[in-house]
Amino acid sequence: MRSRKDMIHQASPNLALIKYWGKMDHRLNLPMNASLSVPLGDFWTRVSIWKSHEDGWKGDLSRFTLDAKERILTFFALVRSQYPELPPVAGTCQSNFPPGCGIASSAAFYAALSAAVLDVINIREPSVIARVARLGSGSATRSVHPNGWTAWLPGGTYDSVGYILEDCVLPVNWYDYALVFDIKHKKIPSREGHRMMDESPIRDSRIKNANRRFLEACHAIQKTDWETLCKIVHEETLEFTGMLQGHSQMRDYHNAQSQEALSKLNTLFTTQPHLKPWTYTIDAGSTVHVLGEEAVVENVISLLKSKPVETLTSRIYGGLLRVRSLTEPDMVLY
Ligand code: PMV
C-alpha cells in the first residue's frame with residue numbers, strides 16, 4: 001500500500017490579465033475588484049502532506065519569504081480552526097519555476113497545499129479547496145480550476161471563490177513567455193501591495209476601471225476576439241504598472257532592465273498594430289509576461305534590448321491536477 005508521503009497534489013500558477021489588487025476584507029481575502037486569469041499549465045508546484053506527531057515542514061524554504069515556514073504553520077492552524085478533525089500534519093513541496101519573482105508562485109502553492117491538506121480529511125470538493133486556498137493567498141482560488149478562463153468576483157462573503165467561464169475557450173496555441181529580470185524573491189509581499197490600495201486616492205477609479213475591463217474582456221473572450229482582448233489587457237497593464245510605479249516601495253518590484261522591457265513593449269504594442277494579437281502583463285514581481293502565439297511572441301521578444309536572466313515558457317492551458325507518483329521528471333527544480 002502507498003503511504004501518504006507518496007501522494008502528491010499539483011497545481012499551476014494562474015496569470016491574471018485583469019488584476020486582483022486591493023481587498024474589501026484583508027482577513028478573508030475578499031477582492032476589491034473583479035479579476036480574470038489564464039492557467040500556466042507547464043509550470044507546477046507539487047505538495048505532499050502526511051499525518052505527523054506535530055505540524056511541520058520538511059525541506060529548504062530559503063528560496064521563499066523569511067517567514068515562509070511560519071506562514072505554512074499558521075495556515076495549518078487556520079484550516080484546523082474550520083476543520084477540527086484535521087490531525088497534525090507535515091509536508092514538503094517542489095516547483096519547476098522560481099518563487100516570488102512574479103509568476104504567481106503563491107497561487108500554485110496554496111492551491112496544491114489546500115488540496116493536499118483537505119485530502120487528509122477526505123474533503124475533495126473543488127469549491128471547498130478553492131475557498132480554503134483563497135485564505136492562504138487570494139489569487140490561489142483561481143488556480144483550483146482546470147483548463148479554462150477563471151474569474152473571481154469582487155466583495156462576496158466567506159464562500160467567495162474563483163470560477164470557470166463556461167463555454168469559453170482559451171486561445172489555441174498561445175504561450176506565456178515569462179521574462180524573469182530578477183530571480184531573487186521579491187522583498188515586498190503582495191499583501192502589502194493590497195493594503196496600499198486601502199488609502200489610495202485612485203481606489204474608486206481603479207475599482208471602476210478593473211470591473212469595466214473585466215466585463216469587456218469577458219465579452220471579447222465569448223467572441224474569441226483576441227485582438228480586442230489584447231488591447232484591454234494592454235490598458236490594464238498600463239494602469240497596474242502606473243500604480244506600482246507611483247508608490248515608493250512597489251516601484252522596487254522592477255529594475256532598470258524590466259522597466260526598459262516594459263517601455264519597449266508599450267512602444268511596440270502601440271506602433272505595430274499589424275502584428276498578430278499578442279499582449280503583455282506583469283504581476284507583483286520583476287517578471288514581464290508576453291503572451292500570444294509562439295512565433296509572434298518570439299518576434300516581439302527579439303526586438304527587446306534588455307535581456308532577462310531567465311526566460312520560462314508555458315502553454316496557456318491546464319490547472320489543478322492530482323498525481324499519485326513521486327517519480328520526478330528530469331528537470332530543474334526550484
Ligand atoms: O494572491 P495574492 O495576495 O498573492 O495577490 C496576487 C496579486 C497579483 O498577482 C498581482 C494579481 C492577481 O490577480 O493575481
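Remember, it's 1-based here, ligands and their atoms both numbered in the order they're listed. Everything quoted here is computed from the prediction, not taken from an experiment.
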Do S258 and N255 have side-chain atoms, one donor and one acceptor, less than 3.5 Å apart? yes

Over 60° means perpendicular and under 30° means parallel, so tell me whether Y253 and W21 are parallel, tilted or perpendicular. perpendicular

Taking only heavy atoms of G138, which atoms of ligand 1 are found under 4.0 Å from at least one of them? 1 (O)

Are H234 and N266 linked by a side-chain donor-acceptor pair shorter than 3.5 Å? yes

No-hydrogen, no-angle side-chain donor-acceptor test under 3.5 Å, R213 and N211: no

In ligand 1, the atoms that come under 4.0 Å of a heavy atom of A16 are 12 (C), 13 (O), 14 (O)

Hey, does A284 sit under 4.0 Å from ligand 1 if you only count heavy atoms? yes

Quick test: of every protein heavy atom, which one is nearest to atom 1 (O) of ligand 1, and how far off is it to 0.1 Å? S139 OG, 2.6 Å

Does V132 belong to the same Ile/Leu/Val/Met/Phe/Trp/Tyr cluster as Y20, with side-chain heavy atoms less than 4.5 Å apart forming each link? no

Students should be able to answer this: which protein heavy-atom is nearest to atom 5 (O) of ligand 1, and at what distance? H194 NE2, 2.9 Å

What protein heavy atom is closest to atom 4 (O) of ligand 1, reported as residue, atom name and distance in Å? S190 OG, 2.8 Å

Could you tell me which atoms of ligand 1, counted from 1 in the order shown, lie closer than 4.0 angstrom to a heavy atom of S106? 4 (O)

Counting non-hydrogen protein atoms only, what is the nearest one to atom 11 (C) of ligand 1? Give residue, atom name and distance. Y20 O, 3.4 Å

Run through D119, L113, I8 and flag the one making a side chain to side chain contact (heavy atoms under 4.5 Å, CB included) with I49. L113

protein heavy-atom neighbour closest to atom 12 (C) of ligand 1 works out as R142 NH2, 3.3 Å

Under a 3.5 Å threshold, yes or no: a donor from one side chain and an acceptor from the other, between Q10 and R46? yes

At less than 4.0 angstrom from any non-hydrogen atom of S137, what atoms of ligand 1 do you find? 1 (O), 2 (P), 4 (O)

